[in-house]
Visitor: 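I have a structure here, written as structure tokens, and I will follow up with some questions on it.
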Amino acid sequence: MDSQTSQSSQVPQSPHTFQVDLRGLVDLLSHHLYSSPKVYLRELLQNAVDAITARRAEEPDAPARVRLYAEGGGLRVEDSGVGLTEADVHSLLATIGRSSKRADGLQEARSDFLGQFGIGLLACFVVAERIRVVSRSARTPDAAPVEWTARDDGSYTVRTLPGDARPEPGTTVHLVARAGAGEWLAEQRVLALARDFGSLLPYDVRVGEEAVTDLPAPWDRSYPSPATRRVALARHCHGLFGFTPLDSVELDIPLAGIRGVAYVLPSAVSPAQRAGHRVHLKGMLLTERAEQLLPDWAFFVRCVLDTDSLRPTASRESLYEDETLAAVREALGERIRSWLTGLAAGDPERLAAFLSVHHLGVKSLARHDKEMLRTMLPWLPFETTDGRLSLEEFAQRHPVVHFTRTVEEYRQVAPIASAQGVGVINGGYTYDSELVEALPSVRPGTVVAELDADTVTAHLDAVHPDEELALAGFLAAARAKLDPLACDVVLRAFHPLSVPALHLDDRAARHEQARAEAEAQADDLWAGILGSLRGGAPRARLVLNHLNPLIRRISSLKDPELIGTATESLYGQALLMAQRPLRPADSALLNRAFLGLLEWATHGDSDSTGGGH
């Protein structure tokens with residue numbers, strides 16, 4: 001039994017061939033591989049251009065024509081390319097996945113072709129129910145023309161034709177539209193698609209009598225002056241992307257076989273927004289949504305370029321991520337960086353116009369690139385207590401460059417610090433604090449320090465001890481009122497006089513406050529864990545301005561309840577002045593203080609009208 005089993009297991013099994021459901025494959029192509037049915041026209045143009053390229057490799061003077069005719073609900077595409085014999089038709093057109101570029105010794109010339117995958121005419125079934133190909137080989141001039149007709153059910157026929165059916169070498173493709181797809185074969189749609197895909201193709205391509213190609217490319221043309229060139233490229237950008245650019249950056253990288261232009265957006269965009277760039281491969285539009293073409297920091301430009309070095313993915317609608325693309329990305333980034341450096345050196349007005357819109361992108365680049373930071377230092381704008389200045393201007397004015405890490409902290413201290421002569425930079429916006437901290441690396445000797453509540457308080461004038469002692473009762477009542485809010489009360493003298501009170505805290509104080517609130521709301525176990533995390537209990541502080549007339553009047557109050565209401569009012573007003581988000585407890589305090597003040601005001605009115613006091 002075992003020997004029989006062993007013998008039977010050694011009997012060679014005949015191989016089986018996969019059966020392909022063409023309709024299922026077409027559905028896969030149209031819904032998953034290709035983004036739109038419009039790619040069928042790119043495939044037709046690509047096959048025609050590749051056929052001409054193959055013929056010209058052997059006959060440099062061979063004609064180079066592609067003609068498209070939309071008629072009777074169908075489409076006819078004629079090319080003067082290398083053509084096919086009957087053997088070629090059986091070998092190439094009827095075998096899914098095989099590419100003609102592998103045959104007839106053309107392997108070494110693959111880099112000259114647009115198509116790198118043998119899907120070919122199969123994509124046309126996305127819009128056609130029947131494809132008919134009539135071809136005559138240029139390599140075998142005596143061979144008869146051959147006809148290949150295929151339907152979307154997977155069946156096809158091949159037959160030879162009389163010699164006069166196609167006197168000249170080349171190929172004609174006839175498409176018959178499938179139900180519901182007729183619009184894709186209409187003449188105006190075909191013309192628009194052909195111009196979109198093939199405007200930079202190196203051969204004579206026409207739809208009827210209408211020219212498709214428009215060479216040389218706008219960036220390769222000669223212009224009378226730089227200004228004329230700028231206007232022409234701006235017009236090209238508007239027609240292509242729908243906006244008039246702030247400027248244009250030439251993209252000429254011979255080693256990578258790249259020619260093109262980057263257009264600078266006229267309005268700010270989010271750094272997280274994925275940019276779509278138009279990439280042509282040997283003249284044929286590959287994609288208009290290439291996202292990985294430029295470094296992430298260059299989100300302020302849109303590119304259009306032609307290349308012969310980048311690899312397409314299987315759908316030929318995006319770029320293959322490899323070492324070549326990484327090198328091209330770096331080279332294009334360097335080109336944009338050089339453009340910025342050139343503006344800084346020779347055209348400050350255009351640079352200022354650019355930075356007024358896109359300073360965020362340049363700051364993103366500068367924080368990783370010391371050379372760019374050094375170049376852009378005199379130009380990058382920052383919000384400061386001296387107005388909107390560059391880091392260089394600010395550092396020249398102040399021996400110590402103070403900054404805050406959040407916008408809230410800046411709003412707390414800016415008015416007071418400015419009045420005390422302390423310069424502060426708002427580092428709360430994207431990248432700003434990182435750039436300020438990097439300043440000493442490109443400007444040796446610069447002192448950079450983060451400004452916290454203690455630093456601000458230290459710059460405020462202390463009140464004479466005798467005066468503070470006289471107000472001890474008032475200060476004790478005020479501190480008792482704010483103690484539940486983890487806020488101390490401090491008396492100082494500072495300018496401007498119009499500010500009665502200043503609320504100061506830092507991140508440690510806010511963290512401790514959040515921990516304490518969570519502890520109060522937690523169960524016993526979690527409260528114990530949170531309690532163990534308690535640090536040195538940093539607290540916020542309400543700094544009362546002893547020079548302010550209102551504070552002087554309030555500090556003379558004797559009624560503890562009225563002192564408490566006044567203190568809560570000052571605390572709430574200081575929070576609002578700092579534009580801090582209010583916690584529920586803060587909102588409740590503001591309401592309570594407002595109602596308390598109204599009660600005291602109306603209580604005073606009733607006394608006076610009643611003839612009392």
Side-chain angles (χ1 to χ4, degrees), residues 29 33-36 38-54 56-57 64 66 77 79 81 99-102 106-123 193-205 212-220 236 240-241 251-262 275-294 302-332 335:
L29 288 174
L33 184 62
Y34 295 127
S35 61
S36 165
K38 69 181 182 179
V39 297
Y40 87 93
L41 193 66
R42 185 194 61 202
E43 297 291 343
L44 289 172
L45 286 175
Q46 175 182 287
N47 287 341
V49 169
D50 282 346
I52 294 172
T53 302
R56 283 204 155 186
V66 181
V77 183
D79 69 65
S99 172
S100 61
K101 286 63 143 185
R102 298 187 179 94
L106 288 178
Q107 177 68 31
E108 67 279 2
R110 281 177 65 84
S111 63
D112 293 330
F113 294 101
L114 300 170
Q116 298 289 312
F117 304 88
I119 296 173
L121 287 173
L122 189 62
L193 291 178
R195 284 177 171 165
D196 195 37
F197 284 119
S199 63
L200 301 183
L201 289 173
Y203 304 134
D204 179 15
V205 182
V212 168
T213 52
D214 185 19
L215 296 175
W219 51 84
D220 285 329
H236 174 250
L240 207 58
F241 294 113
L251 303 177
D252 184 5
I253 307 175
L255 290 178
I258 286 178
R259 287 284 297 144
V261 62
H277 308 289
R278 288 178 65 94
V279 177
H280 295 255
L281 181 61
K282 302 179 185 71
M284 181 75 75
L285 179 65
L286 179 70
T287 178
E288 53 190 356
R289 295 187 304 275
E291 296 181 348
Q292 69 273 50
L293 187 65
L294 293 180
R302 296 292 179 268
C303 293
V304 53
L305 56 83
D306 189 23
T307 177
D308 57 17
S309 63
L310 299 178
R311 290 175 56 196
T313 58
S315 66
R316 291 192 287 281
E317 294 188 282
S318 59
L319 298 172
Y320 188 80
E321 185 68 53
D322 58 9
E323 292 180 358
T324 302
L325 179 57
V328 165
R329 184 185 301 119
E330 179 63 29
L332 292 176
R335 184 66 195 87

Visitor: Under the side-chain contact (heavy atoms from CB on, under 4.5 Å) rule, collect the residues that match up with D214, sequence neighbours excluded.
Guide: R221
Visitor: Which pair of non-hydrogen atoms, one from A256 and one from T307, has the smallest distance, and what is that distance?
Guide: O-OG1, 3.7 Å
Visitor: Taking salt bridge (charged side-chain N to carboxylate O under 4.0 Å, His left out) as the test, write out the residues that go with D196, two or more places apart.
Guide: R278
Visitor: Flag the pair V77 / V66 as yes when at least one side-chain heavy-atom distance between them is below 4.5 Å, and no otherwise.
Guide: yes
Visitor: Taking only residues two or more places apart in sequence or in another chain, which ones pass salt bridge (charged side-chain N to carboxylate O under 4.0 Å, His left out) with R259?
Guide: D220, D252
Visitor: Considering residues at least two apart in sequence or located in another chain, which fulfil the salt bridge (charged side-chain N to carboxylate O under 4.0 Å, His left out) criterion with R335?
Guide: none
Visitor: Nearest heavy-atom pair of R302 and G276: which atoms, and what distance?
Guide: CD-O, 3.5 Å
Visitor: Quick one, F197 and K38 - any side-chain contact, counting heavy atoms below 4.5 Å?
Guide: yes
Visitor: For D306 and K282, indicate whether the former's side chain and the latter's backbone hold a donor-acceptor pair under 3.5 Å.
Guide: yes
Visitor: What residues, two or more places apart in sequence or in another chain, satisfy salt bridge (charged side-chain N to carboxylate O under 4.0 Å, His left out) together with E330?
Guide: none
Visitor: Do you know which two heavy atoms are closest between I52 and A64, and how far apart they sit?
Guide: CG2-CB, 3.7 Å
Visitor: So, do W219 and V304 sit near enough that their side-chain heavy atoms are less than 4.5 Å apart?
Guide: yes
Visitor: So, using side-chain contact (heavy atoms from CB on, under 4.5 Å) as the criterion, who are the partners of T213 when residues are at least two apart?
Guide: L201, V205
Visitor: Which of these, L332, L294, V261, I258, sits in a side chain to side chain contact (heavy atoms under 4.5 Å, CB included) with C303?
Guide: L294
Visitor: Between R329 and L293, is any pair of side-chain heavy atoms under 4.5 Å apart?
Guide: no
